[in-house]
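Structure first, then comments.
Residue numbers begin at 1 in each chain, while the letters A, B, ... track the order of the sequences. Basis for what follows: all heavy atoms, side chains included, without hydrogens, waters or symmetry-related copies.
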Amino acid sequence: MSRHRSRSRVIVALCAASALVGLTACGGSEDSTRLTWYINPDGGGSNPEGKGQAQIAAQCTEQAGGAYSIEVQLLPNSASDQRQQLLRRLAGGDASVDLMSLDPPFIPEFSQAGFLAPVPEDMVETFTEDRVESSVTASTWNDELVTVPFWANTQLLWYRKSIAEAAGLDVEGGNVTWEQLVEAAESQGVTIGVQANRYEGYTVWINALIAGAGGEILVNPGPDLDDIELGLDSDAGRTAANIIRSVADAGVGGPSMGTSDETVALNLFQDPDTSGFLVNWPYVWAAFPANGVEFIDDIGWAVYPATSDEGDPAPPYGGISIGVGAFTEDPDLAYQAAECITNHEHQVLYMTGTGNPASRAAVFDEPEVVEQFPMADVIRESLEQAVPRPQTQFYGDLSTAIQREWSPPSGVTEDTPAQSATLIMQVLRGEALL
Amino acid sequence: MSTVTDTPPTRRRDQHRPKLSDRARAERALGWKLAGPAFVIMLAVTAYPILQAVWLSFFRYRLTDPDSREFIFLSNYSVIFTDPLFYQALWNTVFITVVTVAVELVLGFAIAMLMHRIVLPRRTLRTIVLIPYSIITVVSAFAWLYSFRTDTGYVNGWLNTLTFGAWDASFDWFGSWLPAMGVIMISEIWKTTPFMSLLLLAGLAQIDGAMEEAAKVDGATFWQRLFKVVLPNMKAAIMVAVLFRTLDAFRIFDNVFVMTRGANNTETLSTLAYKQTIDRVEIGMGSALSVVLFLLVFAIALIFIRGFKVDLAGSK
């Protein structure tokens with residue numbers, strides 16, 4: 001009897017809970033001034049006082065004075081998973097995607113599929129003023145601005161000053177090449193933290209190496225499959241392959257180079273026994289003290305290594321642009337919110353709060369930014385030189401195919417670039433699996 | 001074992017049925033009324049998606065480019081069956097299935113025997129054995145991933161200590177095919193052996209103790225009793241356990257997805273299908289692969305049930 005009663009109590013509770021959930025869900029869709037912003041996880045998480053996107057959402061809600069309110073939804077950790085979730089929602093015509101934090105390489109795909117509401121013409125100037133060049137390039141598709149540049153990321157070369165000195169390497173003074181780095185690391189018995197796991201970060205490295213050698217993965221960015229021309233099978237491609245192979249052969253990529261991502265590379269650099277060089281995003285600067293690194297004074301930074309003696313380095317470009325979902329009820333309202341999110345004040349807050357660099361150049365002159373980021377100038381310089389990854393609506397396939405052919409790094413040969421080009425074309429034509 | 005049931009042997013050949021009595025007809029109608037809604041729901045949630053997947057597999061259809069959807073009939077299948085990646089994934093899947101099911105069967109049987117014999121603390125023991133099975137696969141996959149990784153893992157440290165330094169403490173388990181497959185299979189075995197042992201325990205419990213005692217009195221050794229009395233009498237339970245685990249193992253996804261994402265040639269059929277459907281949003285190709293996977297699983301089930309005469313109903 002008592003068992004029966006307790007079971008019915010459970011059922012009542014379940015019903016009440018589901019009714020509650022149902023009601024809140026209904027409540028959400030009725031309020032047309034409520035905007036949902038799908039954010040990628042940052043240092044602030046979903047904490048409205050965490051100095052991340054959630055805090056910006058809370059501040060914009062307050063500043064809007066009732067015109068709109070922004071609620072945040074956390075996306076998964078990895079860029080690929082973020083893309084997947086947004087893509088599936090938008091393919092299903094989800095009207096709840098009002099604003100989204102988009103990784104630049106996926107912008108063409110979303111735009112081409114009609115998943116982004118067009119940027120109002122009178123706002124284009126607002127959204128491009130004071131922005132670093134690479135952030136505008138990355139937010140543009142088919143010669144039109146399709147998203148709003150928010151923050152802009154770039155990789156720097158982080159190094160131990162003592163090690164560089166011992167190896168006789170003048171990192172600060174001029175462009176260091178990958179070849180010099182490998183030699184220095186090998187002679188000092190230290191490592192170079194790189195990203196060569198079979199994931200997006202590996203494409204970032206490969207793209208930077210090819211661009212640094214004056215080449216391009218994709219020669220003609222554009223929407224049509226038939227027009228696609230790849231630049232992988234080239235001297236630049238082979239130079240990139242040789243560099244990756246040399247890092248692997250010298251054993252300076254660490255014991256698990258083939259599975260290393262940003263975190264593994266950072267751990268390698270934080271370990272006093274192996275610490276030498278690291279290519280990574282500026283977030284590591286905030287991570288060093290947080291992870292109890294004791295040799296912070298010995299850490300230096302410089303612009304990304306050059307692929308060869310001749311060309312300029314082509315640092316990787318990353319960051320986030322704000323996209324407005326095509327199915328949102330009120331795109332104008334969403335773009336108003338995007339304007340608030342990406343204004344100067346909020347980019348300063350975001351950079352100082354999470355360590356993610358701003359897309360607005362003037363932010364780097366703010367005293368609080370300069371104080372917190374001694375390398376602010378180098379970041380800005382790097383952002384001006386940065387080369388975004390290939391812009392194509394087929395980016396996902398292109399990137400995955402490259403990762404597949406170039407993995408593991410110890411198996412990369414001079415033929416790898418050509419093989420990856422062949423695979424990409426087969427995959428795009430539907431003649432091969434990926 | 002209760003494979004000998006009370007069903008009349010002529011059931012299937014009985015084509016000329018006599019007219020049903022009123023009562024039988026009423027019972028049948030009641031049966032439909034009771035089971036009908038569930039049957040309709042089953043059709044809606046299983047048959048419909050399966051048929052739709054078959055239909056979609058005849059198209060070149062990219063979710064982000066719906067306008068260029070094109071009927072290409074069996075082209076997707078011909079790509080699949082000519083692509084070396086498919087055969088690699090198939091081989092990996094078969095390899096994982098055979099190894100894990102074999103190891104689990106032996107281990108699971110040993111644990112089942114132990115649980116069967118031990119009187120005290122019976123309940124505690126059974127609960128403890130079940131713990132791995134109650135853990136979500138993704139969670140256990142991450143646990144194993146972190147324990148084998150070079151930066152956060154302890155396994156390398158232990159092996160290094162146990163071998164007095166002979167083992168390379170920075171060995172990258174996920175850097176090449178065999179070690180990566182090894183960790184994937186260890187995680188799989190750790191997680192699902194309890195399921196196997198529970199099914200086998202049910203089989204053991206059904207054996208008439210008198211038979212074993214009789215054999216013992218006749219002077220049979222432990223191994224003789226095991227192979228001549230115990231195993232033959234629980235053949236149906238073993239086959240059901242092996243069938244369930246084979247079907248399960250063949251669809252392996254979580255461990256591979258979490259640990260390698262298919263890197264170093266560790267792709268399996270499920271991760272391959274996932275990649276086409278979810279990653280690349282190539283709905284047509286993904287559906288075709290899913291259909292192939294479905295047919296393979298269906299074939300395995302058919303071989304077991306027809307070939308080995310597994311009686312699913314009798315071994316409950």
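- Around atom CD1 of B:Ile136, no more than 12 heavy atoms belonging to other residues, nucleotides or ligands sit under 6.0 Å away.
- Of the listed residues B:Ile278, B:Leu63, B:Leu289, the one with more heavy-atom pairs under 4.5 angstrom with chain A than any other is B:Ile278.
- Within residues 52-60 of chain B, the residues that have a heavy atom under 4.5 Å from a heavy atom of chain A are B:Arg60, listed by number.
- Interface residue A:Asp81: only side-chain heavy atoms are found under 4.5 Å from chain B.
- When the candidates A:Gln426, A:Gln403, A:Glu109 are compared by the number of heavy-atom contacts under 4.5 Å with chain B, A:Glu109 comes out ahead.
- Note that CZ of A:Phe394 and CG of B:Asp65 are 6.0 Å apart. Values are rounded to the nearest 0.5 Å.
- If you take CG on A:Asn197 and CZ on B:Arg261, they are separated by 9.5 Å, rounding to the nearest 0.5 Å.
- Checking side-chain atoms of A:Arg198 against main-chain N and O of B:Gly262 turns up a donor-acceptor pair under 3.5 Å.
- Counting heavy atoms of neighbouring residues, nucleotides and ligands inside a 6.0 Å radius, atom OH of B:Tyr48 does not exceed 12 of them.
- If you measure heavy-atom distances from A:Phe115 to chain B, the contacts under 4.5 Å come from the side chain alone.
- Interface with chain B: from residues 249-260 of chain A, residues A:Pro255, A:Ser256, A:Thr259 qualify, criterion being any non-hydrogen pair under 4.5 Å.
- For residues 255-275 of chain A, no residue pair satisfies the salt bridge (charged side-chain N to carboxylate O under 4.0 Å, His left out) rule, not counting sequence neighbours.
- No other option in B:Asn264, B:Asp279, B:Asp151 has as many heavy-atom pairs under 4.5 Å with chain A as B:Asp279.
- Among residues 79-93 of chain B, the residues having any heavy atom closer than 4.5 Å to a heavy atom of chain A are, in sequence order, B:Val79, B:Ile80, B:Asp83, B:Leu85, B:Phe86.
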Might you work through the side-chain contact (heavy atoms from CB on, under 4.5 Å) test for A:Val427 and B:Arg280, ending with a clear yes or no? CA-CA 10 Å; A:Val427 166; B:Arg280 304 184 52 209; 3.1 Å; yes
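- The environment of CD in A:Glu144 is sparse: at most 12 heavy-atom neighbours from other residues, nucleotides or ligands sit within 6.0 Å.
- Within a 6.0 Å sphere centred on CZ of A:Phe295, heavy atoms belonging to other residues, nucleotides or ligands number more than 12.
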Would you sort out whether B:Met285 and A:Leu434 count as a side-chain contact (heavy atoms from CB on, under 4.5 Å), showing the intermediate values? CA-CA 10 Å; B:Met285 184 65 85; A:Leu434 198 57; over 6 Å; no
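- Each of A:Gly396, A:Ser407, A:Ala432 has some count of heavy-atom pairs under 4.5 Å with chain B, and the biggest count is that of A:Ala432.
- Residues A:Leu433 and B:Lys275 have side chains not in contact (no heavy-atom distance under 4.5 Å, counting atoms from C-beta outward).
- Within a 6.0 Å sphere centred on CZ of B:Arg122, heavy atoms belonging to other residues, nucleotides or ligands number more than 12.
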